[in-house]
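Worksheet: one structure, shown below.
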Amino acid sequence: MSLYEQYPLSVYNSLTKKKEKFVPITPGRVGMYVCGPTVYSDVHLGNVRTFTTFDGFFRYFRYMGYKVRYVRNITDVGHLVGDADEGEDKIAKKARLDALEPMEVVQKYTNGFHDVMKIFNALSPSIEPTATGHIVEQIEAIKTIIDNGYAYEKAGSVYFNVRKYNEDFKYGELSGRNVDDMLSNTRALAGQDQKNDPLDFALWKKAESGHLMHWPSPWSEGFPGWHLECSAMSTKYLGQTFDIHGGGMDLKFPHHEAEIAQNKGCNHEGGARYWVHGNMLTVNGRKMAKSEGNGFTPEELITGNHKLLERGYSPMTVRFFMLQSHYASTLDFSNAALQAAEKGNKKLMASLALIEKLAAPGTGAVNAEKSAELKTSIEDALRNLSDDFNTAKALASLFEVGTKINTWYQNPAELAVIDPEVFAFAIQHFKGIISEVLGLVPEDADSTDSSLLDGTLNVLIELRNQAKFSKNYALSDKIRDDLKNIGVQLKDEKGGATSYTID
RNA sequence: GAACAUGUAGCCAAAUUGGUAAGGCAGAAGUCUGCAAAACUUCUAACUGCGGGUUCGAAUCCCGCCAUGUUCUCCA
């Protein structure tokens, strides 16, 4: 029996606004599409949070025994600056400003995006399709939508007819907007705009002269509308109807609403059955934005090189910090909160490392009650993950297990009464959840010179022990204090051995 | 102006198919230690933004207000 059958997943579905049992279309398999970044500038921390969230979903599904196809796109065309209809393509604009080929811009920031994802230990998706690589599919989708009567051409551009669509389907079902009101409140435009209706959105835009990115189509030399790529690529790789669609809360309207309309405009049904939205990031209670001057980059967060940061925080500290809140809640960055997360993460990882040093369980008479308690803790962690991916709650259970591990290390008699089978089960999932689901890994100092460093430290530890033995505490404390000042913490263990940790 | 969220101890944050409030950090005491560090044990701390209502019972549902966030619209 697989883990997902033992601990079935419930997920909050933005479409129905309810927490629902997750039942995949094909038993044992999950198809998940997540809106990826637009690669025209460096990734920001909000991206990191969203993709960390869905990395967690991906990892969770795999751990629970599902086969997963995780598709996360790269938007490398068609995302307009400013007004949805009149702005310039973000990537084309950046390319023009820097006198680069658009694809140079795309490559540069795609690489940067991958680097950052790697630093935060996010796995690569199964497929990472690009919009420019799927122009053909997008053109085909537009043709179908026109044939179905939900789009019209105007001067080489094609627009989605929201009013017509809303007669047959319901536009606004995801974002909860009353589109009937929005439609009846808007009058026909006075000719400046090509669109018949302000709510209509572009499926294909004719390229102005000088526009850098354009492709031939039945309607004009131009480029696809921003929303279309996700419909085309999710359908191509996951099918007309698929399991999960994820993205940031800010994409709900109009992007995801348009996606649903395009899918149904094409296939009369379809799109994702479960919509999952991650929430936003704030800094000291304010939204992270350029205008607020509080938008530090992932690099600045790690190095601490920003006026709002007292110091740097490691990628795993940040990851732990994000996991300590629920993905659907806003998360507030502050120095105090990050420092708390740093300590918490360290504590958990220390317990994890201690497992190797534990004595054998169950060498004495097994205490059924204590064994059951252990089992409950680890099962709670699994249940909590299955409860709408509640990593915060799961971590609480993991801390309970961590405390037990620490106790067993100090007092092996406590471990002697634990049922070995329960112990093995608990340890397996304690390790598994932390490293495989949550993606938290130990952050050692560079391992390049580790043997040299280890040897050097052992010499110092030996010298200090000699000083201690001769009760020269002034010297022994000086060695310890000086090492602490450069980031090495010595710990005198119970048996007389001395260990060290490096910050 | 509107839609949708959110508002829980000093800080972060979980619990939202209603049944008297997880966890992490910080704080206090104790155990261990030559002293520390770490760990362990115990303790401290929340009338769940404000005001009403429904209910035997509400953080959880309803109404009003305030604040914050996301998005949209209008105006410039």
Side-chain angles (χ1 to χ4, degrees), chain A residues 10 12 14 17-21 46 83-84 172 174-179 181-183 185-186 198-199 248-257 277-289 292 317 320-326 328-348 350-351 353-354 377 380-381 384 387-388 390-411 414 464 467-474 476-477 479-481 483-484 488-496 498-501:
Chain A
S10 304
Y12 181 84
S14 301
K17 297 179 176 52
K18 279 188 296 223
K19 202 191 277 187
E20 298 173 350
K21 282 258 175 292
D83 181 82
L174 178 66
S175 55
R177 274 153 221 272
N178 189 337
V179 179
D181 283 355
M182 291 171 80
L183 283 168
N185 286 340
T186 54
L199 285 179
M249 205 74 104
D250 52 339
L251 296 181
K252 235 182 190 178
F253 191 91
H255 182 59
H256 291 159
E257 203 69 75
H277 288 97
N279 216 323
M280 303 290 103
L281 223 50
T282 58
V283 178
N284 296 322
R286 308 294 305 178
K287 71 171 171 177
M288 185 182 269
E292 300 267 349
T317 295
F320 178 91
F321 175 62
M322 289 177 172
L323 290 166
Q324 228 183 353
S325 78
H326 188 75
S329 303
T330 53
L331 177 62
D332 189 54
F333 265 70
S334 65
N335 282 288
L338 281 162
Q339 282 161 27
E342 185 176 78
K343 289 204 175 184
N345 182 48
K346 256 186 193 168
K347 186 174 178 178
L348 194 63
S351 299
L354 230 41
S377 289
D380 277 348
N384 293 332
D387 182 9
D388 199 17
N390 196 327
T391 51
K393 221 170 156 186
L395 277 170
S397 302
L398 291 177
F399 271 108
E400 284 179 18
V401 178
T403 297
K404 293 188 202 306
I405 291 171
N406 294 338
T407 301
W408 297 333
Y409 176 66
Q410 284 188 5
N411 187 1
E414 290 287 329
R464 175 165 167 272
K468 272 172 66 178
F469 185 72
S470 54
K471 297 212 189 301
N472 185 351
Y473 294 124
S476 70
D477 286 355
I479 292 172
R480 187 177 62 198
D481 294 344
L483 283 174
K484 178 158 175 61
V488 179
Q489 175 70 57
L490 296 187
K491 294 177 198 172
D492 294 332
E493 304 277 343
K494 244 187 171 171
T498 301
S499 66
Y500 63 87
T501 54

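Because the structure is a prediction, the values reported are computed rather than measured. Each chain gets a letter, A, B and so on, in the order its sequence line appears, and its residues count up from 1.
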[atom1] atom, [N] versus [M]: distance in rounded Å?
N	M	atom1	result
B/U17	B/C11	C1'	32 Å
B/G57	B/G10	C1'	32 Å
B/U71	B/U8	P	22 Å
B/G24	B/C61	C1'	31 Å
B/C40	B/C25	P	9 Å
B/A3	B/A76	C1'	23 Å

- Task: Answer with yes or no whether the side chains of A/E257 and A/S175 bring together a donor and an acceptor at under 3.5 Å.
- Result: yes
- Query: Atom CE of A/M322 to atom C1' of B/G24: distance rounded to whole Å?
  - Reply: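 To the nearest whole Å, that distance equals 17 Å.
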Distances under 3.5 Å between nitrogen or oxygen atoms of protein and nucleotides 37-40 of chain B:
unit_1, atom_1, unit_2, atom_2, d
B/A37, O2', A/Q489, NE2, 3.4
B/A39, O3', A/N406, ND2, 3.0
B/A39, O2', A/Q410, NE2, 3.0
B/A39, N3, A/Q410, NE2, 3.4
B/C40, OP1, A/T403, OG1, 3.4
B/C40, OP1, A/N406, ND2, 3.1

Complementary nucleotide for [N] - Watson-Crick or wobble, under 3.5 Å:
N	value
B/C25	B/G10
B/C72	B/G1
B/G64	B/C50
B/A59	none
B/A38	none

- Message: Parallel, tilted or perpendicular: which one describes the rings of A/H256 and A/H277, with boundaries at 30° and 60°?
- Response: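 Correct class here is tilted.
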- Query: Just how far is it from atom CD of A/Q324 to atom CG of A/N345, taken to the nearest 0.5 Å?
  - Reply: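 Those atoms lie 9.0 Å apart.
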- Message: Using 0.5 Å steps for rounding, measure from the CG atom of A/D477 to the CZ atom of A/R464.
- Response: 7.0 Å
- Message: Which is more 5' along RNA chain B, the nucleotide nearest A/A474 or the one nearest A/A396? Just name the residue.
- Response: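 By nearest-heavy-atom nucleotide position, the 5'-most residue is A/A396.
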- Item | N-O pairing of A/K484 and A/D481 below 4.0 Å |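 So A/K484 does not pair with A/D481 through a salt bridge.
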- Query: Base, sugar-phosphate, or nothing for A/D477, non-hydrogen atoms under 4.0 angstrom?
  - Reply: base
- Item | Partner residues of A/S397 under the side-chain hydrogen bond (donor to acceptor under 3.5 Å, both in side chains) criterion, sequence neighbours left out | A/N384
Report, one pair per line, the protein and nucleotides 5-15 of chain B atoms (nitrogen or oxygen only) whose separation is under 3.5 Å.
unit_1, atom_1, unit_2, atom_2, d
B/A13, O2', A/Q324, O, 3.4
B/A14, OP1, A/H326, N, 2.7
B/A14, OP1, A/S329, OG, 3.0
B/A14, O3', A/N390, ND2, 3.0
B/A15, OP1, A/N390, ND2, 2.8

